[in-house]
Structures are given as C-alpha cells and as structure tokens.
Amino acid sequence: MNLSSVLPLLVACLISLASAQGNKEAVELSSANHDHILGSATVVFVAFCADWCPFSRRLKPIFEESARVFHQENPQASAVWAIVDSQRQADIGDKYFVNKYPTMKVFVNGELISKEYRSTRSVEALTNFVKYQLSTAMNEFSSQDQLNQEMDKSKRNIVAWLKKDGPEFANLKKVASILREDCSFWVPTDNFGTQTTENKLSFFDPDNNEEAKFTGNFNDYDFVKQWVTDKCIPLVREVTFENVEELTEEGMPFLIYFRDPDNKSTDKLFGEAVARELYDQRSSAINPLLGEGHKFAHPLKHLGKTKEDLPVLAIDSFQHMYLFPDMTQMNVPGKLREFVMDLHSGKLHKEFHENLDQRMIDLAKAKAARGITDDHEAQAPSARPIDTTPPPSVFKDLKPSDKRYSILQKSEL
C-alpha cells in the first residue's frame, strides 16, 4: 500500500476526530472513517438520513443541535454523534439493513444495539437517550435481602459475583450495556462482594423460577456474550403495542399464540413446541410470539374469534392471516411444523381458496353468533362471497408509519 492510497483515509480520520473531539458536533460517518468512528467512543449515536426525505431534513438540524447541547452539558462524556448521508454512503445503510429514513441506531463499545431509537425527535429526548446509554447497566445490592426485595422475579435477571477490577467484570459490563433492555443485571457492592472469592454468574428464569449457572470461561467475551444473550432473549417473545413496530422490521411472518393474560400456563407448552418443531426456522423464516388476546382483540376479530376462544394460534404473513385449525393438535408431533411449512410452500393460501365458499360462510356465521361486526356494514353470508382472499394482515398496519418515515419499498413476504 503506497502513501497516495493511505493519505485520503488518514485525512478523513483526522477530520472526523477533530470534529468529534474538538468541536463536539455531529460528524459525517462514511466508509472511510466507519471503523475509526465506531471505535472512538463508548457510545456512538448514528442517524441515517437522506436529503430527499422530508423527515430526514427535519431531523438533521435537531440531531446536530442535540450533539452540541449534549457535549456542552457533558464535555467529558465518551460519545460521538454521527450522520450518514445514505445517498452518498449507501453501502453503510445496506450494511445495517436500513429500510426507512430517518433511522437512528446506537453502538456501544463498537457493537450495534438491536433496538433502534424510535422515540421523540427533540433535543431533550435525544440527549437523554445518549445519557441513558452511557449510564451503568448494573444494579448494585449490599445484601442478599436487598437483592431479594428489589429484583423483579417476573423479569429475566442476571446476578454476578465478580471482582470489579478484573477482566471478567469488564466483559460482563460490556454485555450488560448491549442487553440492558432484555435483562436486569445485578452485582454486589464492593463491601458485600468481598464475602466470596469465587467468580459466579447466574440467570434466574421468570418462567420456572429456576437458576442457571454459567460454567464457561469468564475471560472469553464472545462465549459470555452468547450465553447471556441466549438467556436474556427467549426463543418465544411477547409482542406488545410498544415493540410490534420493531418486530415487524425483522421481516419474518408472525406465528402468534394469543392467550388469556390471566392464564399463561400454556406458554411453556407453546415454547416447547416451537423449540421442538421449528428449531431451524426461528432465526430466518418465522417469528414465534406470545400475544395477550384481550389487547389484540382486533386480529382475533378478523379470524372470527373472541376472547372466549383463547388460546388461538395464527400466522400473520403481512399479507394475510391464517388460523391454526385445531388447537388440540398443537402439541401433536409434526403438526406445528406442518402449519409453518404450508405457509412457505403456499399450501395455506391454496387450501383457503379451494374451500373458500364454505370457509367464508362459516366465518360469517361464527362472527354473527358471537356478535362480531366488521368495520363496514354487516352483510348476510351469500353463496359466493365477494371477498375471495384470506383475512388480511392486521400487523402489516403496525409497521413503521409513512407519517413518520420515508419507507424504502421492498417486496412483501
């Protein structure tokens, strides 16, 4: 590599460093300085914008002002605010699967946090978000009684007994900063921590109240991270109105187990069925979720179901919704997998049309019997219904709004 090829990269890095550390303003993130910027601070807050996008044009001056205000108020903070011109730096947007503008992502210790920033676009809200990311993700306890009282056992908890000046604690601290939204992390105070000399790391499962102990190498960061991630992010997650937007952006059809919030006894059975039947589908082909049937009454209504029918299992492909035909068969070996495979093969859609007349008549009768009315004026079932498609997707409407983002048009699932 000769000097002429190295010089542009050095200049880009020096300019970015001077801007970020000297003027404390938002810097431009490019392919040339990408690695340097992400490694230059504990927290790097990045806004992916496009000049043609009106929402990006509104955000950019607010984001730049937020960077100035933040550094004025926190001059020693290890944080960089960066903007990506997604027209000129399209490869960076592609690298992080940006499909709407503006998109704001945060990197902690050089690693991407899975949850985007989706809240208020104001100076106060943006600066508070970065302050939160810089704050410790560790909760301290000074006695076992305090831990027992303050730890919310309905949530996922990690408890660690590690020396705070050692590399083992440093590794866990990095992991906690990435997974703070998925788990609560607990460590003893310095005085209380001296009561044990053994390094210990435990996960407390809210589903069965059992303790799982880490038995690997505490100095292996990747292994610690994977173990904690597996514990903190369950195989089957809960879908809520608060997280549904980000779940839709994962791009996989929803397999939703709607149940009564006061009766979650079968959640474990559904999780076991997913682990057994869909072991090779979870990461790339289907998104298994739990949903409160009372809150998500609208999707149930589209399926001709009410809270009286819970639990109900259905697929939302973001085009149509398909009902699992017989809930008593959910735990029969092979049935759940067959349902998902029939979605991917197109068999669910084909079978719906083959039995369309009777299905539509049965659906209309079921709705009438339960007093369910559609948004439009109810009509008596006819021998040949006008609607010749499966119930439309409901969760498609909960994707990021075009009133807030410029959406990049990509093919539907």
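Keep in mind that the numbers below use all heavy atoms, side chains included, and drop hydrogens, waters and symmetry copies.
- Checked against side-chain hydrogen bond (donor to acceptor under 3.5 Å, both in side chains), Asp35 has no partners two or more places apart in sequence or in another chain.
- Not a single side-chain hydrogen bond (donor to acceptor under 3.5 Å, both in side chains) links Glu272 to another residue, sequence neighbours left out.
- A search for side-chain contact (heavy atoms from CB on, under 4.5 Å) contacts involving Glu277 returns Pro333, Leu336, Arg337, not counting sequence neighbours.
- The side-chain contact (heavy atoms from CB on, under 4.5 Å) test applied to Tyr132 returns Ser135, Arg180, Glu181, not counting sequence neighbours.
- With Tyr221 as the aromatic partner, Lys174 meets the cation-pi criteria of under 6.0 angstrom to the ring centre and within 45 degrees of the ring axis.
- Ion pair Arg259/Asp267 flagged as a salt bridge, since at least one NZ, NE, NH1 or NH2 atom sits closer than 4.0 Å to an Asp/Glu carboxylate oxygen.
- With ring centers used as reference points, Phe218 lies 6.0 Å or more from Phe169.
- Arg276 pairs by the side-chain contact (heavy atoms from CB on, under 4.5 Å) definition with Ala273, Asn331, not counting sequence neighbours.
- A distance of 6.0 Å or more separates the ring centres of Phe70 and Phe45.
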With ring-ring contact (aromatic ring centres under 6.0 Å, His included) as the criterion, how do Phe203 and Trp227 come out once you've worked through the C-alpha distance, each side chain's angles and the decisive distance to 0.1 Å?
CA-CA 10 Å; Phe203 167 73; Trp227 187 86; 7.0 Å; no
What donor-acceptor contacts under 3.5 angstrom involve side-chain atoms of residues 322-330, with partners at least two apart or in another chain?
residue: Tyr322; atom: OH; partner: His349; partner atom: ND1; Å: 2.9
residue: Asp326; atom: OD1; partner: Thr328; partner atom: N; Å: 3.1
residue: Asp326; atom: OD1; partner: Thr328; partner atom: OG1; Å: 2.6
residue: Asp326; atom: OD2; partner: Thr328; partner atom: OG1; Å: 3.1

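- Checking Asn99, Ile83, Val98 one by one against Phe48, the side chain to side chain contact (heavy atoms under 4.5 Å, CB included) holds for a single residue, Val98.
- For the pair Arg404 and Glu245, the salt-bridge criterion is not met [side-chain N within less than 4.0 Å of a carboxylate O].
- A salt bridge links Lys100 with Glu116; the closest basic N to acidic carboxylate O contact falls under 4.0 Å.
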